[in-house]
Q: 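Can you read through this structure? Questions will come right after.
Protein chains get the first letters and strands the later ones, always in sequence-line order, with residue 1 at the start of each. Source: prediction; values computed, not measured.
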Number of protein chains: 2
Amino acid sequence: MATIYDVSVMAGVSLATVSRVMNDNTKVSDKTKQKVLDAMAALGYRPNTIAQSLASNRSNSVGVLVSQLDGPFYGPMMTEIEMALRSANKHVIIAAGHSDEKQEKDGVEFLMSRGCDALILDVEAVSDEYLIELSKATTPIVFINRYIDAIKDRCVYLENEQGGFIATEHILSLGHKQLAYISGPLFKLDVRDRLKGHKRALQQYNIPFDEALCYEGDFRESGGSTAMEHLLSLNKPITAVVCANDQMASGAIAVCLEHGLRVPEDISFIGYDNIPFPQYISPKLSTVSNPIHEMGKMAARWVLQQVYNDQEVLIERTFQPELFIRTSTAPID
Amino acid sequence: MATIYDVSVMAGVSLATVSRVMNDNTKVSDKTKQKVLDAMAALGYRPNTIAQSLASNRSNSVGVLVSQLDGPFYGPMMTEIEMALRSANKHVIIAAGHSDEKQEKDGVEFLMSRGCDALILDVEAVSDEYLIELSKATTPIVFINRYIDAIKDRCVYLENEQGGFIATEHILSLGHKQLAYISGPLFKLDVRDRLKGHKRALQQYNIPFDEALCYEGDFRESGGSTAMEHLLSLNKPITAVVCANDQMASGAIAVCLEHGLRVPEDISFIGYDNIPFPQYISPKLSTVSNPIHEMGKMAARWVLQQVYNDQEVLIERTFQPELFIRTSTAPID
DNA sequence: CTGTTAGCGCCTTCAG
DNA sequence: CTGAAGGCGCTAACAG
C-alpha cells in the first residue's frame with residue numbers, strides 16, 4: 001500500500017504538501033497540486049485513516065448506541081444516520097444496549113474508548129443523572145427519543161404525550177366510551193408520556209380511567225396477544241383499545257379475530273409508531289406516527305454541525321406525532 | 001487522558017512492560033504486572049485504540065455491508081454480528097448497499113479504506129467476478145447469503161432451492177393443484193433459487209408451471225398486494241399461492257381478505273423467511289425459515305477464527321430451511 | 001506557497 | 001523477564 005511518502009517522492013514535493021492537497025485547507029499552487037494528484041492516481045494511493053486519526057486526534061467515526069438492532073423501529077433510524085454520515089465520509093460504529101443498564105453503559109464505554117468523535121444514543125435504562133454527567137465529557141453526545149431538561153439542546157425527541165392524546169382523542173371522537181389501554185413497559189419515559197396523553201384525553205371527554213383495563217405489555221406482538229387475552233377474560237364491555245405501539249396492537253387484534261370478534265365493527269384498535277407492517281394487513285391499523293427515521297437524520301445532522309462544523313444543515317429537535325386513520329377504527333354503533 | 005507513558009512512570013517500569021501486560025502475550029513477573037495494573041487503575045487508564053491500530057497494523061474493526069438496515073431481515077443479522085464481535089472486543093462498522101451496484105462497491109471501498117480487519121458482505125447487485133476478485137485482496141472477506149463456487153469456503157448461505165421446494169411441496173401435499181407464485185426480484189440469486197425449487201416440486205407432482213400465474217414482485221408488502229390484485233384480475237382458478245417472502249405474502253393475504261376471500265378456506269398462502277410479524281396476525285402465516293441471524297453469527301465467527309485466531313468457534317457454512325406450518329394453509333376441500 | 005521537524009500513543013524487535 | 005529504540009502513516013506548527 002502506497003503511503004504519503006511514496007506520493008511525495010513521485011511528485012517531487014514534501015510530505016506536508018501532499019498532506020495539504022489531501023485536506024485542502026491550505027493553498028497549494030495548481031501545478032504542484034496537479035503533480036500530487038497525478039502521483040496519487042498513479043500509485044493508487046489511499047490515505048490510511050488510522051494514521052490520520054492518530055495524528056489529527058479525530059477518528060471520523062461516530063458511535064451509535066441503540067436498544068436493539070432488530071425490530072421495525074431502529075432499522076429506519078440507522079438507515080438515515082448511516083446515509084447522512086457516510087455522505088460526509090464519516091463512519092458509524094454501532095453497539096446495542098438491549099434496554100439494560102449495564103449493557104447500555106458498557107456500550108457507551110466501548111464507543112468512547114474507540115475514540116468516536118461523537119455519540120448518538122438511544123438509551124432507555126440509564127438514569128437522567130448518568131446522561132447529564134456523560135454530556136459533560138469532552139465527547140459530544142446527542143440523545144434520541146429522550147427529553148432531559150438540563151440538556152435539552154442535545155435531545156431529539158417526539159412529543160409523546162401529545163401522541164398519546166391524539167390517539168385516544170380520535171377514539172373518543174368516534175363515540176367510544178369503553179376503552180382499554182395496552183401500555184408498554186412503564187420504566188420507559190416515552191411509555192409514561194403516552195399514557196399521560198391518554199389520560200388527558202379521557203379527562204377532556206369526562207371518561208374515567210379504569211385501572212383494571214390498563215395492561216402493561218412489553219411492546220411486542222406476543223405481549224399484545226397476552227394483554228388482549230387478559231382484557232377479554234375480564235368480561236367487561238370494551239368497544240375500543242388504545243395500544244402504546246403497533247406491534248402490540250397487531251398481536252391484540254389477532255386474538256380478537258380468533259375469538260370471533262370483528263375489527264372494527266365490534267371493537268376498534270389504534271396503535272402507535274406507524275410501522276410499515278400493520279398498514280398491509282387486514283384491517284389496516286389506525287395509528288400515530290413516530291418519525292424515528294427523521295429523528296435519526298436530525299441526530300446525525302447535529303453531529304455534523306457540532307462536531308464537523310457543517311454549517312449547511314438545518315436542525316429540528318422536537319417532532320410532532322400525527323394521526324393516521326385507517327380501517328381498524330370505526331364510530332361506535 | 002492518561003497514556004501508556006504515564007502508567008509506566010507511575011509503575012516505575014518501561015513503556016514496553018506496560019504494553020506487555022496489556023496484551024499479555026509475553027511473560028511478565030507477577031509483581032511488576034501488579035504494579036502496572038495498579039497504576040493503570042489509579043490513573044483510570046484506557047488504551048488509545050487508534051494508536052494501537054496504527055502500531056499493530058490492525059484496527060480491531062470489522063466492516064459489515066448489508067443491503068439495507070431496515071426491514072425485518074437485516075436487524076436480527078446485525079444483532080448477532082454485533083454481539084459476537086463485541087464480546088471479542090472488536091467493533092463493527094456498518095454500511096448499506098441498497099441493492100445497487102455502485103453503492104455496494106462504494107461501501108466496500110469505504111470499509112476497506114477504513115482499515116477494517118475483515119469484511120462481512122451481504123451484497124446482491126455486484127457480480128460474482130467482482131467478488132472473486134475482491135476475495136483475493138489482503139482483507140479477508142466473508143459473504144452472507146450468496147454462493148459462489150470458486151470461493152465457497154467464504155460463503156455462508158441458505159439452501160434456497162430446497163426451501164422453495166419444501167414450501168411448494170407442502171402446498172401440493174395438501175392437494176392443491178392450482179397454484180400461483182409471487183416471486184421476488186429475479187436479479188437476485190436467492191430468488192431464482194427459490195423459484196427453481198418451486199418448479200422442481202411442481203414437476204415432481206406432475207403439475208405444469210403456469211407462467212401467467214407467476215408474478216415478479218419486489219419483496220415488499222405493497223408488492224405482494226399489487227401482485228395479488230393482478231392474479232385475481234386474471235380470473236383463473238387459484239387455490240393456493242406460494243410467495244417468495246413473508247412480506248409479500250402478507251400484502252397478498254390482505255388483498256384477498258378485502259375481496260371477501262377466506263384464508264385458508266378459499267385460498268391457502270405460504271411465505272418464506274419466517275419473519276416475526278406474520279406469526280402474529282390472523283391467519284398466522286405458514287412459511288419456511290430463513291435463519292438469517294444464525295448466518296450472521298456464523299459470519300462473525302468465521303472472522304473471529306480466520307482473522308483473530310479464535311480457535312474455539314465452530315463454523316457452519318450451509319443452512320437448511322425448515323417448514324413452519326401455521327394456519328394460512330389448509331387441505332383442498 | 002512549500003519544506004522541515006516534531007510528535008500522536010502504542011507495538012515490537014533487539015539486546016541485556 | 002525487562003528496557004531501549006525505532007517506527008506505523010500522517011498532521012500541524014514553525015520557518016522560510
Q: Is any NZ, NE, NH1 or NH2 atom of the basic residue among A:Asp24 and A:Arg20 found under 4.0 Å from an Asp or Glu carboxylate oxygen of the other?
A: no
Q: In whole Å, I'd like the distance from the CG atom of B:Asp30 to the P atom of D:dC1.
A: 9 Å
Q: Just the rounded figure in Å: distance from P of D:dC1 to NZ of B:Lys35.
A: 15 Å
Q: With a non-hydrogen cut-off below 4.0 angstrom, is A:Val13 in contact with a base, only sugar-phosphate, or nothing?
A: sugar-phosphate
Q: Just checking A:Thr3: base, sugar-phosphate only, or nothing, at a heavy-atom cut-off of under 4.0 Å?
A: sugar-phosphate
Q: Over all strands shown, is A:Ser53 touching base, sugar-phosphate only, or nothing at heavy-atom distances under 4.0 angstrom?
A: nothing
Q: If you assign B:Arg20 and B:Ile50 each to the DNA chain C nucleotide with the nearest heavy atom, which residue ends up on the more 5' nucleotide?
A: B:Ile50
Q: Let me know the distance between CG of A:Leu43 and P of D:dG9, rounded to the nearest Å.
A: 14 Å
Q: Please evaluate residues A:Lys105 and A:Glu101 with respect to the criterion salt bridge (Lys or Arg N to Asp or Glu O under 4.0 Å), reporting the C-alpha separation (whole Å), side-chain torsions for both, the decisive distance (0.1 Å), and the verdict.
A: CA-CA 6 Å; A:Lys105 287 186 175 176; A:Glu101 182 172 359; 3.2 Å; yes
Q: From OH of B:Tyr5 over to C1' of D:dG3, roughly how many Å is that when rounded to an integer?
A: 14 Å
Q: What nucleotide, of D:dG9, D:dA12, D:dA4, holds the atom closest to the side chain of A:Leu54?
A: D:dG9
Q: Taking CZ from A:Arg58 and C1' from D:dC10, how many angstroms apart are they, rounded to a whole number?
A: 15 Å
Q: Considering residues at least two apart in sequence or located in another chain, which fulfil the side-chain hydrogen bond (donor to acceptor under 3.5 Å, both in side chains) criterion with B:Glu104?
A: none
Q: Checking all strands, does A:Asn57 fall into the base, sugar-phosphate, or nothing category for heavy-atom contacts under 4.0 angstrom?
A: nothing
Q: Taking 4.0 angstrom as the limit, do A:Arg146 and A:Glu124 come out as a salt bridge?
A: no
Q: Give a yes/no on whether any side-chain N or O of A:Tyr45 is located under 4.0 angstrom from OP1 or OP2 of D:dC10.
A: yes
Q: Under a 4.0 Å threshold between the charged nitrogen and the carboxylate oxygen, would A:Glu316 count as salt-bridged to A:Arg301?
A: no
Q: Can you check the A:Leu15 CG to D:dA13 P distance for me, whole Å?
A: 17 Å
Q: Just by modelled atom types, is the B:Val62 backbone N or O under 3.5 Å from a matching donor or acceptor in the B:Asp117 side chain?
A: no
Q: Mind checking side chain to side chain contact (heavy atoms under 4.5 Å, CB included) for A:Arg317 and listing every partner two or more places apart, or none if nothing turns up?
A: A:Asp153, A:Ile315
Q: How do A:Asn25 and B:Ser14 order along DNA chain D: which one's closest nucleotide is nearer the 5' end?
A: B:Ser14
Q: Whole Å only: how far is the NZ atom of A:Lys27 from the C1' atom of D:dG16?
A: 20 Å
Q: Would you say B:Thr17 reaches D:dG3's phosphate, i.e. side-chain N/O to OP1/OP2 under 4.0 Å?
A: yes
Q: Quick one: how far along DNA chain C does chain A reach, first to last nucleotide 5' to 3', anything under 4.0 Å to a heavy atom?
A: C:dC1 to C:dG9
